[in-house]
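Structure first, then comments.
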Amino acid sequence: MPMYQVKPVCGGPIQTDLPTCMYKLPNIHAEHGNSCTSEHALQNGEVDPAVKALEARQDEIMRKLYELKAAVEGLAKTVTTPDADLDLTVSSSLSSQSFSSTTFKGVTDLDTVLGKDLGALRDIVINANPAQPPLSLLVLHSLLCQRYRVLSTVHVHSSVTSVPPQLLSCLGPRHADSYARQMFQLGFTLIWKDVPKLQMKFSVQNMCPIEGEANVARFLFKLLAPYPSDPALATLVDSWVDMAFFQLAEGSAKERSAVLRSLNSALGRNPWLAGPEFSLADIACYCCVLQSGSVSAAPANVQRWIKSCENLGHFSPAKLLMQ
């Protein structure tokens, strides 16, 4: 039994509506009806002009970064080369002449042989002894300048006391745009240095040096045209190259006479040493015949072949250097 009773204040039960969320906000998407504002233009496939301007600015920045990368990597190759103590920069040249399709049967792409290099100049560094000038490399350099835009420079290493003037200008005159490395496709750097054998360096970090004029000539020729696909023809070219550098250039008088007889016999059957097409064999043998002083004693077929080589015009640097 309760202590006391109180009468009800209200006459019936009270219904209370409980909220389903903490607070409510008006629907901002429904304020303008069904129209679509610029903030939601992407829903219809449109692009905000501000986004377009931002993308264009980003593309311009990336282009400038690639140019800067090319310049920095070009300088890095020179700095990281063991022959960085270069005393004299003599010449730079640019040649944008069209490559004659009649000289070689096929042409080669730089990316195929040297690998893709994003914007950086592919720089080939060659160490040569001024007492033994590499004539074949001068001929190949002339051919490379017709195929690519080549930045050519000549330096003198501190191990050499003096170099004749004709060796300092053997790659041609200096070009006004030599400072803009990104304008060139290939760098050809010749360093006159006291070395026992000719050396070539392409990638200091990933590639060991290539030694010997014959091996360097093979490497450079592959930048111009692929080696013959026929194994017998490729072997014939290699045999002539080895015969030129090891018997004509370095052999005895008896060996040189034997090579001249072989040249005369081969040129009696074909206009060029490897058949109807001009090849590396002709470049190597011509330069070694010239350097050995055997031109005057050469047989009739060899004399005719020498004139055919000189008519091409690519052998002028080698011939001028020997005069």
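Just so you know, these numbers come straight off a predicted model, no measurement behind them.
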(message) Quick check for you: to the nearest 0.5 Å, what is the distance between Leu224 atom CG and His314 atom NE2?
(response) 9.5 Å

(request) Can you tell me which residue pairs pass the side-chain hydrogen bond (donor to acceptor under 3.5 Å, both in side chains) test with a partner in residues 128-138, sequence neighbours excluded? (result) Ser136-Glu213

(message) If you define the side chain from C-beta out and look only at heavy atoms, does anything of Ile306 sit under 4.5 Å from Val295?
(response) yes

(request) Rounded to the nearest 0.5 Å, what's the gap from OH on Tyr286 to CD on Gln291? Could you check? (result) 12.0 Å

(request) Report yes if some heavy atom in the side chain of Leu167 is under 4.5 Å from a heavy atom in the side chain of Pro164; otherwise report no. (result) yes

(request) Of all the heavy-atom pairs spanning Val139 and Ala318, show the shortest one and how long it is. (result) CG2-CB, 4.0 Å

(message) Looking at every non-hydrogen atom in both residues, tell me the closest pair between Lys193 and Pro130 and how far apart they are.
(response) O-CD, 3.8 Å

(message) Distance alone, cut at 3.5 Å: any donor-acceptor contact between the side chains of His141 and Ser152?
(response) yes

(message) Less than 4.5 Å apart, side chain to side chain, heavy atoms only: is that true for Leu186 and Leu223?
(response) yes

(message) With heavy-atom distances below 4.5 Å as the criterion, would you say the side chains of Ser279 and Trp272 are in contact?
(response) no

(request) Please step through side chain to side chain contact (heavy atoms under 4.5 Å, CB included) for the pair Val156 and Leu168, ending with a clear verdict. (result) CA-CA 8 Å; Val156 178; Leu168 298 179; 3.6 Å; yes

(request) Report the distance from atom CE of Met200 to atom OG1 of Thr189, rounding to the nearest 0.5 Å. (result) 11.5 Å

(message) Would a single hydrophobic cluster contain both Val160 and Val195, if residues Ile, Leu, Val, Met, Phe, Trp and Tyr are joined by side-chain heavy-atom contacts under 4.5 Å?
(response) no

(request) Assess the side chains of Arg269 and Ser265: does a donor N or O sit below 3.5 Å from an acceptor N or O? (result) yes

(message) Any non-hydrogen side-chain atom of Val150 less than 4.5 Å from a side-chain atom of Gln185?
(response) no

(message) Using only atom types and a distance under 3.5 Å, with no angle test, would you say the side chain of Ser262 pairs donor to acceptor with the backbone of Ala258?
(response) yes

(request) Would you check, one step at a time, whether the test salt bridge (charged side-chain N to carboxylate O under 4.0 Å, His left out) holds for Glu55 with Lys52? (result) CA-CA 5 Å; Glu55 290 178 350; Lys52 289 183 179 180; over 6 Å; no

(request) Of all the heavy-atom pairs spanning Asn301 and Gly268, show the shortest one and how long it is. (result) ND2-CA, 3.5 Å

(request) Determine, using the 4.5 Å side-chain heavy-atom cutoff (strictly less than), whether Leu135 and Phe246 are members of one ILVMFWY cluster. (result) no

(message) Looking at every non-hydrogen atom in both residues, tell me the closest pair between Cys170 and Trp192 and how far apart they are.
(response) SG-CZ2, 4.0 Å

(request) Please check if Leu220 and Leu312 belong to a single hydrophobic cluster, counting links between Ile, Leu, Val, Met, Phe, Trp and Tyr side chain heavy atoms closer than 4.5 Å. (result) yes

(request) Might you work through the side chain to side chain contact (heavy atoms under 4.5 Å, CB included) test for Leu144 and Gln146, ending with a clear yes or no? (result) CA-CA 5 Å; Leu144 287 171; Gln146 294 190 17; over 6 Å; no

(message) With heavy-atom distances below 4.5 Å as the criterion, would you say the side chains of Phe184 and Tyr148 are in contact?
(response) no

(request) State whether the side chain of Arg304 and the backbone N or O of Leu267 hold a donor-acceptor pair below 3.5 Å, judged by distance alone. (result) yes

(request) Let me know which of Leu198, Leu140, Ile124 forms a side-chain contact (heavy atoms from CB on, under 4.5 Å) with Val216. (result) Leu198

(message) Please tell me whether Tyr66 and Ile61 are part of a single hydrophobic cluster in this structure, the criterion being side-chain heavy atoms less than 4.5 Å apart.
(response) yes

(message) Once salt bridge (Lys or Arg N to Asp or Glu O under 4.0 Å) is applied, what residue pairs with a partner in residues 236-255 remain, sequence neighbours excluded?
(response) Arg218-Asp238, Arg218-Asp242

(request) Measure across Asp194 and Ser159 and return the closest heavy-atom pair with its distance rounded to 0.1 Å. (result) N-OG, 3.1 Å

(request) Examine distances only and state if a side-chain atom of Arg256 and a backbone atom of Gly251 form a donor-acceptor pair shorter than 3.5 Å. (result) yes

(message) Distance check, rounded to the nearest 0.5 Å: Leu137 atom CG versus Ser142 atom OG?
(response) 12.5 Å

(request) Going by the side-chain contact (heavy atoms from CB on, under 4.5 Å) test, name the single residue among Leu236, Ile283, Leu280, Asn215 that passes it with Val241. (result) Leu280

(request) Could you please spell out the steps behind the side-chain hydrogen bond (donor to acceptor under 3.5 Å, both in side chains) verdict for Asp282 and Trp305? (result) CA-CA 9 Å; Asp282 300 286; Trp305 165 75; 3.0 Å; yes

(request) Please name the pair of heavy atoms, one in Leu273 and one in Cys285, separated by the smallest distance, quoted to 0.1 Å. (result) CD1-SG, 3.5 Å

(request) Check whether any side-chain heavy atom of Ile191 lies under 4.5 Å from a side-chain heavy atom of Ile126, and answer yes or no. (result) no

(message) Can you confirm whether Leu321 sits close enough to Leu138 that some side-chain heavy atom of one is under 4.5 Å from a side-chain heavy atom of the other?
(response) yes

(request) Enter the distance from Gln58:CD to Leu65:CG here, rounded to the nearest 0.5 Å. (result) 10.0 Å

(request) Kindly compute the distance separating CG (Leu68) from CZ (Arg63), expressed to the nearest 0.5 Å. (result) 12.0 Å

(message) Salt bridge check, Lys307 against Glu310: does any charged N sit closer than 4.0 Å to a carboxylate O?
(response) no

